[in-house]
Every structure is written in structure tokens, then in C-alpha cells.
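Worth knowing before you read on, the calculation uses all heavy atoms, side chains too, and leaves out hydrogens, waters and symmetry mates.
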Amino acid sequence: QVQLVESGGGLVQAGGSLRLSCAASGRTFSSYAMGWFRQAPGKEREFVAAISWSGGSRYYADFVKGRFTISRDNAKNTVSLQMNSLKPEDTAVYYCAARTTVLAATTPREYDYWGQGTQVTVSS
């Protein structure tokens with residue numbers, strides 16, 4: 001079992017920045033690919049970013065390229081999402097997810113464990 005706990009969400013003005021963190025339990029974190037997804041009210045959960053077990057491969061949704069950066073620290077069992085130049089349309093609950101394989105993926109169904117989510121609200 002893997003437990004994921006997100007933190008770092010909050011209210012920010014458009015153009016501002018937030019850094020989300022996800023702390024994972026378990027001794028096999030370094031062998032898991034990790035992802036960030038988000039879900040706005042009335043919308044389906046959508047892919048934001050993903051990173052392979054080593055951090056060597058990173059993937060981003062088109063709408064966050066150049067603004068968001070995913071990273072991980074396997075020594076600390078954490079994965080982070082640095083979000084810059086935030087827009088009101090980035091408002092959503094952001095979820096951290098773990099995939100019990102080394103390769104990253106971009107669809108929710110390919111992930112095995114999920115955190116409880118953290119709210120990000122961007123005001124205009």
C-alpha cells in the first residue's frame with residue numbers, strides 16, 4: 001500500500017505561483033512513476049504532469065507547458081509541482097497519483113494510488 005498526502009494548495013491571484021508537494025509512504029517510492037492530475041467542478045479529472053521513477057522523463061499537458069514543473073526527491077519520498085503564471089482556469093482540486101511501474105503515464109486509469117487532493121484557487 002502507498003499513501004499519498006498533498007499539500008501546498010491555496011488561493012492566489014492570477015500570475016502568481018504555488019508549489020504543491022506530495023509525500024508518499026512506503027519503501028518502494030523510487031520505483032514508482034508519479035503524476036499530478038486536476039479536477040474542476042463539473043469536469044472530468046485531467047492529466048497535468050507526470051514523471052518517471054528516476055525523474056529522467058517528464059510529461060506535461062499542453063496547457064501547462066512552460067508554466068508548471070514536476071520534480072521528485074526519491075530520498076525524501078516526495079514529488080512536487082511548481083506552478084507559475086497561474087490563470088483562473090487552473091482553479092481545481094489537484095491530485096497526486098502513483099503508478100506501480102517505472103514508466104510515467106498520462107491517463108488516470110493507469111495510476112494505482114491517489115491522494116485526497118488539495119484545492120488550488122486562482123482569482124482574476
Problem set entry | Sub-4.5 Å side-chain heavy-atom contact between Thr78 and Ser21 | no
For this session: Mark yes when over 12 heavy atoms from residues, nucleotides or ligands other than Glu89 sit less than 6.0 Å from its CD; otherwise mark no.
Result: yes
Exercise. Has the side chain of Asn74 got a donor or acceptor atom that lies under 3.5 Å from a matching backbone atom of Trp53?
Worked result: yes
For this session: Please tell me if the side chains of Thr121 and Val12 come closer than 4.5 Å, counting only heavy atoms from C-beta onward.
Result: no
Exercise. Which distance, rounded to the nearest 0.5 Å, do you find between the OG of Ser71 and the CD1 of Ile51?
Worked result: 6.5 Å
Exercise. About how many Å separate CH2 of Trp36 and SG of Cys22, when rounded to the nearest 0.5 Å?
Worked result: 5.0 Å
Exercise. With a 4.0 Å cut-off, would you call Asp90 and Lys87 a salt bridge?
Worked result: no
Exercise. Quick one: CG on Asn77 to CD on Gln3, what's the gap to the nearest 0.5 Å?
Worked result: 12.5 Å
For this session: Nearest 0.5 Å please: distance from the CZ atom of Arg72 over to the CE atom of Met34.
Result: 6.5 Å
For this session: Tell me, with the steps shown, if Val48 and Tyr94 meet side-chain contact (heavy atoms from CB on, under 4.5 Å).
Result: CA-CA 9 Å; Val48 175; Tyr94 283 71; 4.3 Å; yes
Exercise. Taking Arg99 for the side chain and Ala33 for the main chain, is one N or O donor matched with an acceptor at less than 3.5 Å?
Worked result: no
Problem set entry | Verdict with reasoning, Thr100 to Asp112, per side-chain hydrogen bond (donor to acceptor under 3.5 Å, both in side chains) | CA-CA 7 Å; Thr100 56; Asp112 303 294; 2.9 Å; yes
Exercise. Does any non-hydrogen side-chain atom of Gln119 lie less than 4.5 Å from one of Thr91?
Worked result: yes
Problem set entry | Close side-chain approach of Leu81 to Thr69, heavy-atom, < 4.5 Å | no
For this session: Please confirm whether the backbone N or O of Gln39 pairs with a side-chain atom of Glu44, one donor and one acceptor, at under 3.5 Å?
Result: no
Exercise. Rounded to the nearest 0.5 Å, how far apart are CG of Leu86 and OG of Ser17?
Worked result: 6.0 Å
Exercise. Would a 4.5 Å heavy-atom cut-off, applied to side chains only, mark Gln13 and Val122 as touching?
Worked result: no
Problem set entry | Same apolar cluster (I L V M F W Y, side chains within < 4.5 Å links), Tyr111/Leu20 | no
For this session: Give me the ring orientation class for Phe37 and Phe47: parallel if the planes are under 30° apart, tilted from 30 to 60°, perpendicular past 60°.
Result: perpendicular
Exercise. Is a side-chain donor or acceptor of Tyr60 paired with a backbone partner of Ile70 at a separation under 3.5 angstrom?
Worked result: yes
For this session: Output, in order, the C-alpha distance, side-chain angles, deciding distance and verdict of side-chain contact (heavy atoms from CB on, under 4.5 Å) for Val120 and Leu18.
Result: CA-CA 9 Å; Val120 171; Leu18 282 175; 3.9 Å; yes
For this session: Grab the two heavy atoms, one from Ala104 and one from Ser52, that are nearest each other, plus how far apart they are.
Result: CB-N, 4.0 Å
Exercise. Under 4.5 Å between any side-chain heavy atoms of Tyr95 and Arg45, yes or no?
Worked result: yes
Seminar exercise, completed: CZ of Arg38 to CZ of Phe68, rounded to nearest 0.5 Å, is 6.0 Å
Exercise. Is there side-chain contact between Arg19 and Met83, with heavy atoms separated by less than 4.5 Å?
Worked result: no
For this session: Evaluate the side-chain proximity of Trp114 to Leu4: yes if any heavy-atom separation is below 4.5 Å, no if none is.
Result: no
